[in-house]
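Per chain, numbering begins at 1; letters A, B, ... match sequence-line order.
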Number of protein chains: 2
Amino acid sequence: MTVTIYDVAREAKVSMATVSRVLNGNPNVKPETRKKVKDVIDRLNYRPNAVARGLASKKTTTVGVIIPDISDLYYSALARGLEDIAEMYNYQIIITNTDQDPKKERNAFLNLVSKQVDGIIFLGGKLNSDVLQDIETSRVPVVICGSGEEDNDIPNVNINYYEAAKEVAGKLIADGTKNICFVTAGYSRYQESRMISGMKEAYEEAGFNGDDYLMTEDAGDYEKGKEIFGKLLDNERDAVIVISDEAAIGILHGGHEHGVAMPQRLQIISCSNTRLVTMVRPKISSVAVPLYDLGAVGMRLLTKLMNEEEVDTTSVELPYSIDYRTTTR
Amino acid sequence: MTVTIYDVAREAKVSMATVSRVLNGNPNVKPETRKKVKDVIDRLNYRPNAVARGLASKKTTTVGVIIPDISDLYYSALARGLEDIAEMYNYQIIITNTDQDPKKERNAFLNLVSKQVDGIIFLGGKLNSDVLQDIETSRVPVVICGSGEEDNDIPNVNINYYEAAKEVAGKLIADGTKNICFVTAGYSRYQESRMISGMKEAYEEAGFNGDDYLMTEDAGDYEKGKEIFGKLLDNERDAVIVISDEAAIGILHGGHEHGVAMPQRLQIISCSNTRLVTMVRPKISSVAVPLYDLGAVGMRLLTKLMNEEEVDTTSVELPYSIDYRTTTR
DNA sequence: ATGAAAGCGCTAACAT
DNA sequence: ATGTTAGCGCTTTCAT
């Protein structure tokens with residue numbers, strides 16, 4: 001019924017090995033033989049069974065992607081970058097959503113390993129010790145993208161969130177706005193704590209103690225952003241640095257509803273840089289994180305790891321810039 | 001090195017067949033034997049090789065998803081719904097982006113088939129005859145989600161875009177605004193032509209000839225939406241029905257820049273219903289397409305198809321509603 | 001309830 | 001340059 005390599009071999013009057021060779025571009029095949037085999041392949045409309053191939057070769061040309069939520073613009077931008085590069089190198093990707101749930105994360109990892117993926121990419125996520133342990137024992141190449149995790153020895157690609165936060169806060173402080181609220185989203189605790197350190201450093205350099213001024217709130221989506229607006233007012237904040245773009249928009253609209261002038265009374269800078277920030281009015285100032293590139297570079301790194309090529313750094317840091325738009329003075 | 005079913009069998013002093021049985025929940029295993037085997041599995045930390053399993057059983061518990069662009073909010077919402085259900089039924093999903101390119105689409109399909117996926121879901125896309133042919137010959141269950149394709153006999157799930165367009169246009173016309181522009185996005189020509197039919201029917205029912213009033217423009221993203229705003233003005237449009245939410249926002253902002261009052265001078269209704277429509281001001285009226293459900297129901301349908309269960313309809317139509325917000329009068 | 005053995009469709013030595 | 005053959009790690013008859 002389904003045509004196999006054996007059928008092709010028989011029809012072409014060669015051995016399976018030869019068919020396999022032309023399939024895999026092995027140069028040790030006489031051109032005429034190659035042509036003969038190719039003709040039969042076309043005639044029979046033969047398509048190699050990738051599963052059998054995977055079992056025999058121990059390579060599946062598929063990589064797993066573990067992602068908090070594909071419908072989040074931040075992650076889907078990363079995913080797109082990553083898939084484009086994967087396609088370029090002839091890898092397919094299996095995507096699993098975890099909603100940051102450690103159980104789901106571990107499950108996803110184990111599933112992928114049992115599917116014999118050649119490599120795994122983590123986007124965001126917290127990587128609890130269970131998974132860390134699994135990574136260790138499974139010996140699958142893993143890279144972490146855009147989560148700010150750089151404390152362990154797993155290859156990763158990020159921007160320098162510490163510096164970004166420091167720069168943003170520094171600019172704000174220099175302009176005299178010291179009552180900053182950092183609005184976290186729970187994407188990555190590690191990244192967020194790095195950013196807090198950066199901000200405190202900015203205070204320090206300006207001669208202030210960050211603890212006297214900086215406060216923290218949590219809001220990961222639009223509704224939550226609107227919700228916390230009151231608190232920002234109550235605490236006399238005059239600037240927010242917010243991880244989630246959607247939360248930033250929520251805050252923006254919360255401000256509209258309260259009749260608060262922005263950026264005069266409250267400045268907003270977001271940190272995810274999805275295309276949302278330029279699709280609202282006023283346009284939101286943001287840290288220009290190269291989302292697509294983060295994914296693309298991560299996948300490129302993974303291809304090298306899977307090929308056992310030498311890599312100079314397993315911790316790559318992409319440049320970022322800061323786009324001051326209309327929610328900052 | 002890697003522990004196989006054979007190792008488990010040896011350690012548990014049973015045959016591979018028995019181990020396989022406990023692995024697959026076959027009831028024909030004495031409880032004590034089952035326990036013994038399970039203990040060894042835990043002790044050795046054995047994980048079945050899904051590739052070998054796939055080769056032997058001809059089932060891979062993975063389904064392919066062919067999608068125009070995962071970073072498009074519309075598709076990623078569908079994808080999320082679909083993946084949630086897939087996870088529920090223990091399927092993994094391989095995602096491929098095609099940018100609506102027929103070549104890429106065909107390639108993706110062929111790749112998935114060679115990976116022996118148990119089923120394939122198409123989101124959007126045009127399904128040219130090549131692919132249609134491949135679907136025919138490969139005999140893989142396929143379902144199409146949210147693309148409005150219902151002209152062929154491939155199982156699909158959609159809303160009734162014809163009715164939705166008719167309803168929206170009808171309301172507009174009844175209110176006296178007849179100069180409508182339908183802004184397409186090229187997502188699905190078929191869906192768009194169905195919608196045009198619906199709109200014309202609405203004119204008809206109101207006693208007008210749609211051809212005298214209806215015009216069409218194309219804009220699939222924010223920038224394009226802003227760009228075409230001039231044309232809308234030049235053609236004295238007083239309402240737009242637009243496929244892409246981002247284009248709708250572009251038009252909205254184009255209006256702001258031209259100082260055009262909305263909805264007084266121009267009404268906007270979008271048709272994708274991503275969460276963007278409520279994240280801009282004014283909020284955009286839209287056809288409330290149940291994106292997540294479209295994906296979820298599609299995947300559920302596919303699981304039935306893969307199980308060779310009886311399905312009553314292979315063409316399911318989900319209900320929709322229309323949310324009149326602030327860009328309509 | 002359990003075991004033996006024949007594949008699943010391919011790759012990769014090893015021979016020639 | 002080509003063929004032979006032994007797996008890859010599992011499922012699945014078929015016996016018992």
Side-chain angles (χ1 to χ4, degrees), chain A residues 1-38 40-41 44-62 90 110-118 138, chain B residues 1-38 40-41 44-62 90 110-118 138:
Chain A
M1 219 201 81
T2 57
V3 16
T4 73
I5 198 173
Y6 179 76
D7 300 320
V8 176
R10 183 168 33 71
E11 289 289 308
K13 300 192 205 318
V14 296
S15 71
M16 291 165 57
T18 300
V19 179
S20 178
R21 283 188 190 99
V22 345
L23 245 30
N24 295 294
N26 185 316
N28 286 344
V29 180
K30 214 194 314 173
E32 21 185 332
T33 313
R34 180 183 310 277
K35 174 156 186 354
K36 188 172 58 178
V37 172
K38 280 198 164 153
V40 175
I41 287 177
L44 300 187
N45 199 22
Y46 165 71
R47 313 240 173 236
N49 179 326
V51 173
R53 198 183 263 207
L55 183 59
S57 70
K58 297 180 175 304
K59 288 196 183 319
T60 54
T61 63
T62 109
N90 279 307
L110 263 18
N111 274 333
L112 290 171
V113 170
S114 106
K115 289 226 162 149
Q116 315 298 119
V117 296
D118 296 336
S138 71
Chain B
M1 219 200 81
T2 58
V3 16
T4 73
I5 199 174
Y6 179 74
D7 300 320
V8 176
R10 184 169 29 72
E11 289 289 309
K13 299 188 205 316
V14 296
S15 71
M16 292 166 54
T18 300
V19 180
S20 177
R21 284 188 190 100
V22 344
L23 245 31
N24 295 295
N26 186 317
N28 286 345
V29 181
K30 216 195 310 173
E32 19 185 334
T33 313
R34 181 183 306 278
K35 174 154 187 355
K36 189 172 59 178
V37 171
K38 279 199 164 154
V40 175
I41 287 176
L44 300 187
N45 199 23
Y46 165 71
R47 314 239 172 235
N49 178 327
V51 173
R53 197 182 263 208
L55 182 59
S57 70
K58 295 178 177 307
K59 288 198 184 318
T60 53
T61 65
T62 109
N90 279 308
L110 263 17
N111 275 333
L112 290 171
V113 170
S114 106
K115 289 225 162 150
Q116 315 298 119
V117 296
D118 297 336
S138 72

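- Legend: side chain to side chain donor-acceptor pair (under 3.5 Å) pairs involving residues 26-36 of chain B, not counting sequence neighbours, sorted by first then second residue: B/Lys35-B/Asp39.
- Put simply, the side chain of B/Lys115 reaches to within 4.5 Å of the side chain of A/Thr61, judged on heavy atoms.
- Across all their heavy atoms, B/Ala9 and B/Ser15 have their closest contact at CB-C, 3.8 Å.
- Each of A/Pro48 and B/Val14 was matched to the nucleotide of DNA chain C holding its nearest heavy atom; the match closer to the 5' end belongs to B/Val14.
- Checked by atom type and distance alone, the side chain of B/Thr60 pairs as donor or acceptor with a backbone atom of B/Gln116 at under 3.5 Å.
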For residues 1-8 of chain B, please give each side-chain donor-acceptor pair under 3.5 Å, one per line with the distance, not counting sequence neighbours.
from   : atom 1 : to      : atom 2 : distance (Å)
B/Thr4 : OG1    : B/Tyr6  : N      : 3.1
B/Asp7 : OD1    : B/Arg10 : NH2    : 2.8
B/Asp7 : OD2    : B/Thr4  : N      : 2.8

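- Position along DNA chain C of the nearest nucleotide to A/Tyr46 versus B/Thr18 favours B/Thr18 as the more 5'-ward residue.
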Step by step, would you call A/Thr62 with A/Asp118 a side chain to side chain contact (heavy atoms under 4.5 Å, CB included)? CA-CA 6 Å; A/Thr62 109; A/Asp118 296 336; over 6 Å; no
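- Within a heavy-atom distance below 4.0 Å of DNA chain D, the residues of residues 3-13 of chain B found are B/Thr4, B/Ile5.
- Atom CE of B/Met16 and atom P of D/dT13 are 15 Å apart (whole Å).
- A heavy-atom distance below 4.0 Å to DNA chain C is reached by these residues of residues 20-30 of chain B, ordered by number: B/Arg21, B/Asn28, B/Val29, B/Lys30.
- Between the side chain of A/Ser57 and the main chain of A/Arg53, a donor-acceptor pair closer than 3.5 Å is present.
- Residues A/Val40 and A/Ala12 come closest through the heavy atom pair CG2-CB, 3.7 Å.
- Across residues 51-59 of chain A, A/Leu55, A/Ala56, A/Lys58 each have a non-hydrogen atom less than 4.0 Å from an atom of DNA chain D (numbered order).
- Residues A/Leu23 and A/Ile41 form a side-chain contact, since some pair of their non-hydrogen atoms from C-beta on lies under 4.5 Å apart.
- Judged as a side-chain hydrogen bond (donor to acceptor under 3.5 Å, both in side chains), and not counting sequence neighbours, the contacts of A/Asn45 are A/Arg47.
- One can place CZ of A/Arg47 at 17 Å from C1' of C/dC10, the figure rounded to the nearest angstrom.
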